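Read through the structure below, which is laid out as structure tokens, and then see the notes.
Everything numeric here is computed off the predicted structure, so don't read it as measured data.
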Amino acid sequence: LGWTLSPRGSVVLTLVALWSLRLSGYLTWRNWGHGEDRRYQQIRRNNEPYFGLRSLYIIFGLQAVLAWMISLPLHAAVLSYE
């Protein structure tokens, strides 16, 4: 409610936002009009039946853990008060 960002926090958030926009634009441009990635097709074939349930931890669980680990230094940088 009364929380404000430090100058460093503002710079970090701005850089992360710009980087994420650039990355999403690049991935969209690179994969536009192509089918599903062959690696995901292979994962689907290897984990049938119940791929929908297994994908929760094989794909999405791993991505969540990696996103959490990558965001820890960013969290520290945003919350630092200098």
Applying salt bridge (charged side-chain N to carboxylate O under 4.0 Å, His left out) to E48 and not counting sequence neighbours gives none

In Å, rounded to the nearest 0.5 Å, how long is the span from OG of S55 to OH of Y50? 14.5 Å

On a heavy-atom basis, which atom in S24 and which in T28 lie closest, and how many Å separate them? O-OG1, 2.8 Å

Out of curiosity, does V65 fall in the hydrophobic cluster containing Y57 (side-chain heavy atoms, cut-off under 4.5 Å, transitive links)? no

Going hydrophobic residue to hydrophobic residue with side-chain gaps under 4.5 angstrom, can you get from L21 over to W19? no

R38: what forms a salt bridge (charged side-chain N to carboxylate O under 4.0 Å, His left out) with it, not counting sequence neighbours? none

May I ask you to check whether Q42 and N46 show a side-chain donor-acceptor distance below 3.5 Å? yes

Roughly how far, to the nearest 0.5 Å, is CD of Q41 from CD1 of I43? 10.5 Å

Give the cluster check for L79 versus V12: same hydrophobic cluster or not, with ILVMFWY residues linked at side-chain heavy-atom distances below 4.5 Å. yes

Rounded to the nearest 0.5 Å, the CG atom of L13 sits from the CG atom of L74 at a distance of 8.5 Å

Does the S6 side chain pair with the main chain of G9, one donor and one acceptor, at a distance under 3.5 Å? yes

Got a second to check how far L62's CG is from L66's CG, nearest 0.5 Å? 4.5 Å

Could you state the interatomic distance from CG (L53) to CG (N47), rounded to the nearest 0.5 Å? 10.5 Å

Say you draw a straight line from OH of Y40 to CZ of R44; how long is it, rounded to the nearest 0.5 Å? 10.5 Å

Hey, are the side chains of F51 and I59 touching, using non-hydrogen atoms and a 4.5 Å cut-off? yes

